[in-house]
Number of protein chains: 2
Amino acid sequence: MTNSTTPHTVPRASLKRLPLYLHLLENLMADGVEYVSCTQLAKEFDFDAILVRKDIELTGEVGTARIGFKVATLIGSIKSFLGWDKEQDAFLVGVGNLGKAILGYKDFKKYGLNIVAAFDNDSRKVGTKVFGYEIFSTSKFGDLAKRMHIYVGIITVPPEHAQEAVDLMVDAGIKAIWNFSPAPLRIPEGVILENVRLTQSLAVLTNKLKRVFKS
Amino acid sequence: MTNSTTPHTVPRASLKRLPLYLHLLENLMADGVEYVSCTQLAKEFDFDAILVRKDIELTGEVGTARIGFKVATLIGSIKSFLGWDKEQDAFLVGVGNLGKAILGYKDFKKYGLNIVAAFDNDSRKVGTKVFGYEIFSTSKFGDLAKRMHIYVGIITVPPEHAQEAVDLMVDAGIKAIWNFSPAPLRIPEGVILENVRLTQSLAVLTNKLKRVFKS
DNA sequence: AATTTATCGATATATAATTATCGATTATAC
DNA sequence: GTATAATCGATAATTATATATCGATAAATT
């Protein structure tokens, strides 16, 4: 279950495929399926079976020939490997359209992320509630983060305020930042920054589309 | 400006870096900067300068030694390479929290994506307006898409309805699908599918965080 | 019980992506 | 004017990632 031979560098690509497997495995589990092979998993995603096996290998899980992996324990291994087995509390800054959408998405809890409060600069928003979350003034961020031992911050502010939000979070002892703003951000050594950039994904789409129309 | 030596396979990673450069270049342009070198660009993102040069090479743009690239023409080359120089009309299906957030994000137009209408199954939503977009019944999708020559579809429905949305779009002649649902989707040959999976990004974040807390 | 088949883990190969090297070029400093 | 330094494009080397091969193993088939 635990992995004693974890390599120093986990391929980012593998890390991104594991949630896909997990999602499918949970469906299989719900359907009462007990065992699954890499071949089966691979078929679902049009991946190479060996690729899936190597990804699973990262989690430390071992399978049995001709049978595959036990669905229930594999789910546990992947969750544990991703850090989704124990809940991480998080604060969100920026209650605009995107911030609201994230607050409204209840499933993050299944992925170990528990948003506990939201913050905004706009005094008209402060004090209101969004999907059950009270909106606090950003001036309260540091105090509350320290008091509640929050280490994860989510940034959904407009790009021109994104660096401010980062600084606020860093000062408050935030260790990992999930950033949805398109601005390039500066963070000190030791703080983790993970960006969600919609325009990057759009770029891949439109570039491919361009070539479709060309041919 | 145009690129006669485009390789068959554009590295996806390059495609995702180009919008980063573009964003920065537009800021430089606004500041009146005329020329920029790969070294400068690389410094902004903590990339290797050679990596940036190779990415730019893909767009077909050529620079001059000791000077670099002309900001204005480089912006044009990147936009053209990404297919962002001419507008693509798009339909969005699924006006929930995320769908609304995307409808409210006006900047996509800058990236060549022009959302023209939104669709939802929920009869209570049909006929209402969200950020100026009228919400249509999904039953109207095919007709309107064909009539308006729409080739791009955006999926922001709950995962259990995502495949339906894909089928609807494919039947309507949609060529490229930008999918925000976490469900694994089946598409026919020739249709482009680009997924935005928030849980993948979250996986990278939490896995890194886990290792921070371990050490 | 022997044979076949699917799948495993381990190791090796191939492909893709990134980084390094090098000669050429052009502004800046002397 | 000549030397110096920065940066280019092109090519080579390195590293990372994905795929292929192979013996071992365990169920299914005969």
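So you know, we letter chains A, B, ... as the sequences are listed, proteins then strands, and number each from 1.
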Check your understanding: With a 3.5 Å cut-off and no angle check, do the side chains of A:Glu61 and A:Thr73 form a donor-acceptor pair?
Key -> yes
Check your understanding: Within this structure, what is the NZ-to-P distance between B:Lys54 and D:dT11, rounded to whole angstrom?
Key -> 10 Å
Review point. Could A:Asp85 and A:Lys79 be called an ion pair, given the rule that one side-chain N must be under 4.0 Å from one carboxylate O?
Key: no
Revision key, fill the gap. Taken to the nearest whole Å, CD1/B:Ile56 to C1'/D:dA10 is 16 Å
Exercise for review: Please work out which residues in residues 197-205 of chain A have a non-hydrogen atom less than 4.0 Å from an atom of DNA chain C and list them by number.
Suggested key: none
Exercise for review: Using atom CG of B:Leu18 as one end and atom P of C:dA17 as the other, report the distance to the nearest whole Å.
Suggested key: 13 Å
Exercise for review: Summarise protein proximity over nucleotides 25-30 of chain D in one line of letters, 5' to 3': B for base, S for sugar-phosphate only, - for none, counting protein heavy atoms closer than 4.0 Å.
Suggested key: BBBS--
Practice item. Examine A:Phe131 together with A:Tyr133 and report whether their ring centres are nearer than 6.0 Å. Key: no
Exercise for review: Look at B:Glu87 together with B:Lys110 and state whether they make a salt bridge at an N to O cut-off of under 4.0 Å.
Suggested key: no
Point to revise | Heavy-atom side-chain contact between B:Phe69 and B:Leu25 under 4.5 Å | key: no
Exercise for review: Examine A:Phe119 together with A:Phe91 and report whether their ring centres are nearer than 6.0 Å.
Suggested key: yes
Review point. Roughly how many Å is it from CG in A:Leu51 to P in C:dC8, rounded to a whole number?
Key: 13 Å
Practice item. Please report, rounded to the nearest Å, how far the P atom of C:dG9 is from the CG atom of A:Asp55. Key: 13 Å
Point to revise | Beyond-backbone contact of A:Leu58 with A:Phe81, side-chain heavy atoms, under 4.5 angstrom | key: yes
Check your understanding: From the list C:dA20, D:dA18, C:dA10, which nucleotide is the closest neighbour of the side chain of B:Ile50?
Key -> C:dA20
**Study point:** Distance test, side-chain N/O of A:Arg17 to OP1/OP2 of D:dA18, below 4.0 Å
**Key:** yes
Review point. Listed in order of residue number, which residues of residues 19-48 of chain A have a non-hydrogen atom at under 4.0 Å from DNA chain D?
Key: A:Asp48
Practice item. Round to a whole Å and report the spacing from CG of A:Leu15 to P of D:dA18. Key: 12 Å
Practice item. Examine C:dC8: is either OP1 or OP2 under 4.0 Å from a nitrogen or oxygen in the side chain of A:Arg53? Give yes or no. Key: yes
Exercise for review: Specify the separation, in whole Å, of atom CD of A:Glu57 and atom P of D:dA18.
Suggested key: 14 Å
Exercise for review: Using atom CG of A:Leu58 as one end and atom P of D:dT17 as the other, report the distance to the nearest whole Å.
Suggested key: 10 Å
Review point. With ring centroids as reference points, do A:Trp84 and A:Phe108 lie under 6.0 angstrom apart?
Key: no
Review point. Quick one: do the B:Asp55 and B:Tyr21 side chains pair a donor with an acceptor below 3.5 Å?
Key: yes
Point to revise | Trace of the side-chain contact (heavy atoms from CB on, under 4.5 Å) decision for A:Lys146 with A:Phe141 | key: CA-CA 9 Å; A:Lys146 280 170 195 158; A:Phe141 189 99; over 6 Å; no
Check your understanding: What distance do B:Asn195 atom CG and B:Phe180 atom CZ have between them, rounded to the nearest 0.5 Å?
Key -> 10.0 Å
